[in-house]
Trainee: 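What follows is a structure written as structure tokens; I'll ask about it next.
Residue numbers start from 1 in every chain, and the chains themselves are labelled A, B, ... in the order their sequence lines are given, proteins ahead of strands.
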Amino acid sequence: MDSKFLKPYNSQETEGRIYEAWEESGLFNPDNLPGDRPTPYTIMMPPPNATGVLHMGHALGLTVEDVLIRFKRMQGFAALWLPGTDHAAIATQARVEKDIAKSEKKSRHDLGREELVRRIDEFVEGSRSTIRSQIRVMGSSCDWSREAFTFDEKRNFAVNTMFKRMYDAGLIYRGHRIVNWDPKGQTTISDDEIVYEERKDKFYYLKYGPFVIGTARPETKFGDKYVVMHPDDARYAEYAHGQKLTVEWINGPIEATIIKDEAVDPGFGTGVMTITPWHSAVDFELAEKHGLDKEQVIDWYGKLLPIAGEFAGMKIGEARDKIIEKLSEKGLVDRIEDYTHNVSTAERTGGVIEPQIKLQWFVDTEKEFALDHSEIPGIAAGVPITLKKLLRTAVESSAISIVPEHFNKTYFHWIDNLRPWCISRQIWYGHRVPVWYRGEEIAVGFLPPGEGWTQDEDTLDTWFSSGSWTFSTLGWPEATKDLAKFHPTDVLETAYEILFFWVARMILMSGFALGQVPFRTVYLHGIIRDAQGRKFSKSLGNGIDPIEVVGKFGADAARMALLVGNTPGTDSRMSEDKIKGYKHFGNKLWNITRFILENTDESDPNAPLTDTDRALRDELDALAADITADLDAYRLYLASEKIYHYIWHRLADVLLEESKVIFAGEDETAKASRRVLLVSLLRSVLILLHPFMPFVTEEIWQNLEDTEGFLMVAPWPVPASPAA
RNA sequence: GCGCGGUUAGCUCAGUUGGUAGAGCAUCUCAUUGACGUUGAGAGGGUCACAGGUUCGAAUCCUGUAUCGCGCACCA
């Protein structure tokens with residue numbers, strides 16, 4: 001027996017060394033795996049943002065993915081887990097701009113586009129290498145030879161190709177539409193990048209000619225020359241659609257036009273409203289419908305424009321009070337009420353969103369097109385379909401299943417509320433919109449030959465590029481071997497928070513580009529909270545750094561703590577005590593090994609098993625089948641607990657205790673049988689525990705005399721069922 | 001407002017197709033030079049949020065209520 005078993009298990013000494021050995025073996029790459037492996041099993045790592053360091057959520061994701069990939073690798077699949085990082089355009093640029101502002105007191109405009117992008121590239125390079133090493137620390141058995149970055153040359157080619165194909169199919173268009181404008185970040189953002197903050201404001205009832213209208217935003221009302229009511233509202237039956245009347249307003253009389261539309265809720269307020277098409281999505285649609293004028297009232301920095309007369313140049317907040325003051329003097333304020341509502345703010349900058357009309361690029365999710373090839377059930381090639389329908393069908397047809405299942409409803413609910421997806425951003429870091437202009441000419445996708453072309457200034461929403469992650473990583477648009485073999489992928493494992501941001505966009509892009517689903521299963525994990533149930537945050541300072549935890553307790557312990565009892569889609573709490581418990585477990589296994597080795601020196605491998613021992617062997621085989629079924633059904637929280645429970649409370653507490661009595665007795669047949677049994681059980685539990693605690697199991701395996709090669713590729717005892 | 005979840009032991013949470021309520025931690029008792037610096041055996045502790053219903057049988061299925069959390073839409 002190796003003398004190292006005489007001391008407690010030391011994760012610090014072991015884990016780095018084992019990881020290096022795995023990496024050098026080349027076995028993370030499915031091309032190098034032993035035996036004939038016709039069936040692929042693929043997971044694309046959700047690329048962590050290249051903005052900093054890994055947090056507990058990443059650690060959980062990496063652990064779940066690694067358990068699945070190790071399980072399937074041992075089961076004989078050509079297992080590919082492809083790692084990568086995300087350039088996360090807005091987040092990264094915001095981060096670097098902040099750093100520069102702090103250290104050099106310079107803005108991006110001081111630096112210029114080229115220099116800022118160069119600085120960001122530099123930052124990202126450093127950040128990516130940090131992330132790479134952190135992914136390794138968790139024990140992730142991913143194929144580094146295929147590593148990808150959402151903003152490298154290959155991915156840029158894929159993005160430009162995708163843009164061109166969607167443009168040619170009529171699904172991408174440029175238009176003046178209402179967008180979410182972030183005056184602080186000076187960019188548009190998508191609906192999903194908005195966070196709502198509850199605020200208490202005033203709600204003003206203003207006299208507008210013969211009407212009383214309600215508004216929370218008097219500062220937008222200067223241009224309001226349309227007054228809208230429901231056509232069936234008896235109170236206003238005397239007014240006809242299109243009728244004009246002159247009303248006294250903020251800066252004097254204006255001509256108002258009556259519009260009748262069913263969009264107005266007669267039961268809300270007075271049942272009458274005026275509209276501001278430039279600064280409200282609902283009003284914009286009304287204006288489009290009736291062909292009304294639209295006028296900008298607030299500029300790109302949140303200040304009032306000349307239309308506001310004496311209020312021009314004022315910030316919104318300042319103007320609001322003064323306007324009400326003036327209206328009040330003019331006797332036009334009917335009453336003021338308190339009002340609680342949600343204000344839209346930009347997730348990244350905290351700026352209050354100002355809806356604005358802007359010339360932007362959009363993806364149209366309701367326009368019909370046809371796929372020339374489809375493997376998605378319910379969608380036939382050549383038959384007209386919309387992206388919205390595609391998104392729905394992929395999940396409705398069970399081509400994709402979501403774990404836990406109830407997120408299906410959330411997904412459908414989101415699709416039903418989907419609006420055109422604004423994909424252009426006014427930031428400098430990221431894939432630049434692949435469109436070039438020359439006079440009246442426009443070129444899409446790639447820079448055409450010839451002089452005088454100017455590229456669109458905007459960049460693309462980062463989710464536009466990560467939408468193609470499952471296949472751009474495999475070489476698309478080239479028809480590579482990898483693409484043919486590994487796509488569609490098997491599982492997409494991610495946080496439920498980005499179901500829409502990312503998961504839906506991948507379904508959309510994969511469906512459009514390949515006529516395939518991007519993955520067969522979506523496994524959504526919950527948020528990891530602290531012991532008090534709070535979200536980890538910088539301001540609270542309650543973060544548990546996974547890397548620190550691993551240093552202290554080992555990656556194996558951290559992995560188990562993240563897995564056991566943590567059901568998909570449910571938030572869970574993390575405390576050092578829990579992690580410590582599993583460090584103890586690693587040491588328990590270490591000592592079980594020691595006991596078995598000490599008592600089986602003279603083991604005769606050919607000795608027959610007694611009936612009792614045979615039954616004990618069968619018991620573990622049954623457990624193996626059970627654990628396999630749990631893993632196939634994504635019940636990792638049960639599988640991990642079951643093998644833990646067996647090792648500690650069955651193997652150690654019962655079987656080893658019993659064995660002490662047997663070894664102390666006179667029955668040589670029972671002794672011989674028990675030696676064989678214990679060695680056999682030890683080997684089996686190492687295999688079954690390996691996906692969960694890869695380091696300590698591999699280390700023990702390497703130190704057993706009768707084992708060869710890596711535990712990492714030892715055959716799993718239960719073969720894959722044909723259906724799975 | 002619409003939708004989705006949670007409510008089970010002091011705490012954190014499991015409970016897969018309905019079949020005698022479980023784990024870890026905590027508490028208490030006992031044992032212990034032992035494979036274990038990190039041990040074992042045992043005990044106490046639960047009207048499974050509440051009210052109805054279906055069923056031979058409900059933590060589990062159905063209806064409703066309360067309460068907490070989340071998502072979406074936000075209404076002029």
Trainee: Could you check which residues of residues 208-220 of chain A get a heavy atom under 4.0 Å from RNA chain B? Sort them by number, please.
Mentor: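 A:G214, A:T215, A:A216 - these, ordered by number, are the residues of the stretch whose heavy atoms sit under 4.0 Å from the strand.
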
Trainee: Just to verify, what does A:E657 make a salt bridge (charged side-chain N to carboxylate O under 4.0 Å, His left out) with, not counting sequence neighbours?
Mentor: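 Testing A:E657 for salt bridge (charged side-chain N to carboxylate O under 4.0 Å, His left out), a comparison that skips the adjacent residues, returns A:K660.
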
Trainee: Suppose we screen for side-chain hydrogen bond (donor to acceptor under 3.5 Å, both in side chains). Which residues come up paired with A:W181, at least two apart in sequence or across chains?
Mentor: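 Checked A:W181 against side-chain hydrogen bond (donor to acceptor under 3.5 Å, both in side chains); zero matches.
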
Trainee: If I pick the C1' atom on B:G10 and the same atom on B:G46, what distance separates them, to the nearest angstrom?
Mentor: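 Those two atoms are separated by 12 Å.
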
Trainee: Please determine, for the side chain of A:K221, which listed nucleotide (B:C2, B:U38, B:A76) has the closest atom?
Mentor: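 Closest nucleotide among those given: B:A76.
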
Trainee: For A:I275, answer base if it contacts any base atom (sugar-phosphate contacts may also be present), sugar-phosphate if it contacts only those atoms, and nothing otherwise; contact means non-hydrogen atoms under 4.0 Å.
Mentor: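 Nothing, no nucleic acid heavy atom in range.
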
Trainee: Regarding A:K588, tell me which of base, sugar-phosphate or nothing describes its non-hydrogen contacts under 4.0 Å with the strands shown.
Mentor: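 Since a base atom lies under 4.0 Å of A:K588, the category is base.
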
Trainee: Counting any heavy atom closer than 4.0 Å, what does A:D653 reach on the DNA or RNA strands: base, sugar-phosphate only, or nothing?
Mentor: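 Counting heavy atoms under 4.0 Å across all strands, the contact made by A:D653 is with sugar-phosphate only.
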
Trainee: Kindly write out the residues that satisfy side-chain hydrogen bond (donor to acceptor under 3.5 Å, both in side chains) with A:D626, not counting sequence neighbours, or none if the list is empty.
Mentor: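 Listed in chain order: A:K642.
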
Trainee: May I ask you to say what A:F553 touches in the nucleic acid, namely base, sugar-phosphate or nothing, with a heavy-atom cut-off under 4.0 Å?
Mentor: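 Answer is nothing: A:F553 stays at 4.0 Å or more from every strand.
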
Trainee: Using the P atom on both, measure B:A26 against B:U7 and round to a whole Å.
Mentor: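 These two P atoms come out 24 Å apart once rounded.
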
Trainee: With a 4.0 Å cut-off on heavy atoms, is A:T274 in touch with a base, just the backbone sugar-phosphate, or nothing at all?
Mentor: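 Sugar-phosphate contact only - A:T274 comes under 4.0 Å of backbone atoms but never of a base.
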
Trainee: Can you tell me how far C1' in B:G69 sits from the matching atom in B:C30, rounded to whole Å?
Mentor: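 Going atom to atom, C1' in each nucleotide, I get 44 Å.
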
Trainee: Does B:G3 have OP1 or OP2 under 4.0 Å away from a side-chain N or O of A:K409?
Mentor: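 Answer no for this pair, as no side-chain N or O of A:K409 is under 4.0 Å from OP1 or OP2.
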
Trainee: Rounded to whole angstroms, how far apart are CZ on A:F500 and C1' on B:C4?
Mentor: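 For the pair A:F500 CZ and B:C4 C1', the rounded distance is 10 Å.
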
Trainee: Whole angstroms only, please: what is the CD1-C1' distance between A:I579 and B:U38?
Mentor: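 Between C1' of B:U38 and CD1 of A:I579: 16 Å.
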
Trainee: Only pairs at least two apart or in different chains count here, so list each salt bridge (charged side-chain N to carboxylate O under 4.0 Å, His left out) that has a residue in residues 559-572 of chain A.
Mentor: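 The answer is A:D66-A:R559, A:R529-A:D571.
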
Trainee: For A:H406 and B:C4, give me the distance from atom NE2 to atom P, rounded to whole Å.
Mentor: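 So the two atoms are 10 Å apart, to the nearest Å.
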
Trainee: Which residues pass the salt bridge (charged side-chain N to carboxylate O under 4.0 Å, His left out) test with A:K552, not counting sequence neighbours?
Mentor: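 A:K552: salt bridge (charged side-chain N to carboxylate O under 4.0 Å, His left out) contacts with A:E576.
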
Trainee: Not counting sequence neighbours, list each pair that qualifies as a salt bridge (charged side-chain N to carboxylate O under 4.0 Å, His left out) and has a residue in residues 201-222 of chain A.
Mentor: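 For residues 201-222 of chain A, and leaving out neighbouring residues, the salt bridge (charged side-chain N to carboxylate O under 4.0 Å, His left out) pairs sorted by first residue read A:K202-A:D338, A:R217-A:E219, A:R217-A:E354, A:E219-A:R320, A:K221-A:D224.
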
Trainee: Would you give a per-nucleotide map of nucleotides 11-26 of chain B, 5' to 3', where B means the base has a protein non-hydrogen atom under 4.0 Å away, S means only the sugar-phosphate does, and - means neither?
Mentor: -SSSSB------SS--

Trainee: Answer with base, sugar-phosphate or nothing: what part of the nucleic acid does A:H413 contact at a heavy-atom distance below 4.0 Å?
Mentor: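 Base contact.
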
Trainee: Taking only residues two or more places apart in sequence or in another chain, which ones pass salt bridge (charged side-chain N to carboxylate O under 4.0 Å, His left out) with A:K588?
Mentor: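 None.
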
Trainee: Please, what dot-bracket string fits RNA chain B when only Watson-Crick and G-U pairs with both distances under 3.5 Å count, crossing ones use [ ] and pairs to another strand use |?
Mentor: (((((((..((((.....[..)))).(((((.......))))).....(((((..]....))))))))))))....

Trainee: I'd like to know if A:D233 pairs up with A:K260 as an ion pair, taking the criterion as any Lys NZ or Arg NE/NH1/NH2 lying under 4.0 Å from an Asp or Glu carboxylate oxygen.
Mentor: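 Here A:D233 does not pair with A:K260 in a salt bridge, since their nearest N and O are not under 4.0 Å apart.
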
Trainee: Using a cut-off of 4.0 Å on non-hydrogen atoms, how would the nucleic acid contact of A:V228 be classed: base, sugar-phosphate, or nothing?
Mentor: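 The answer is nothing, as A:V228 stays clear of every strand by at least 4.0 Å.
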
Trainee: Taking the nucleotide of RNA chain B with the closest heavy atom to each, which residue, A:F407 or A:V343, is nearer the 5' end?
Mentor: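 Of the two residues, A:F407 wins.
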
Trainee: Starting from the 5' end of RNA chain B, give me the residue, A:W414 or A:K660, whose nearest nucleotide shows up first.
Mentor: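 Its nucleotide being nearer the 5' end, the pick is A:K660.
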
Trainee: A:P8 has a side chain; which of B:C2, B:A76, B:G37 sits nearest to it?
Mentor: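 Nearest listed nucleotide: B:G37.
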
Trainee: Output all residues satisfying side chain to side chain contact (heavy atoms under 4.5 Å, CB included) with A:N599, sequence neighbours left out; order by chain, then residue number.
Mentor: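 For A:N599, the residues satisfying side chain to side chain contact (heavy atoms under 4.5 Å, CB included) (neighbours in sequence not counted) are A:F595, A:F663.
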
Trainee: Would you please name every residue forming a side chain to side chain contact (heavy atoms under 4.5 Å, CB included) with A:Y637, sequence neighbours left out?
Mentor: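 With sequence neighbours excluded, A:Y637 shows a side chain to side chain contact (heavy atoms under 4.5 Å, CB included) to A:T567, A:P568, A:R635, given in chain and number order.
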
Trainee: A:K289 has an atom NZ; how far is it from atom P of B:A76, in whole Å?
Mentor: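 Between P of B:A76 and NZ of A:K289: 19 Å.
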
Trainee: Would you say A:W648 reaches B:G40's phosphate, i.e. side-chain N/O to OP1/OP2 under 4.0 Å?
Mentor: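 For B:G40, OP1 or OP2 has a side-chain N or O of A:W648 closer than 4.0 Å.
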
Trainee: Taking only the P atom of each, what is the distance from B:C56 to B:A51 in whole angstrom?
Mentor: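 These two P atoms come out 23 Å apart once rounded.
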
Trainee: Between B:C25 and B:U20, how far apart are the P atoms? Round to whole Å, please.
Mentor: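 That atom pair is separated by 25 Å.
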
Trainee: Given the C1' atoms of B:A14 and B:U8, what is the spacing between them in whole Å?
Mentor: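 Straight-line distance between the two C1' atoms is 10 Å.
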
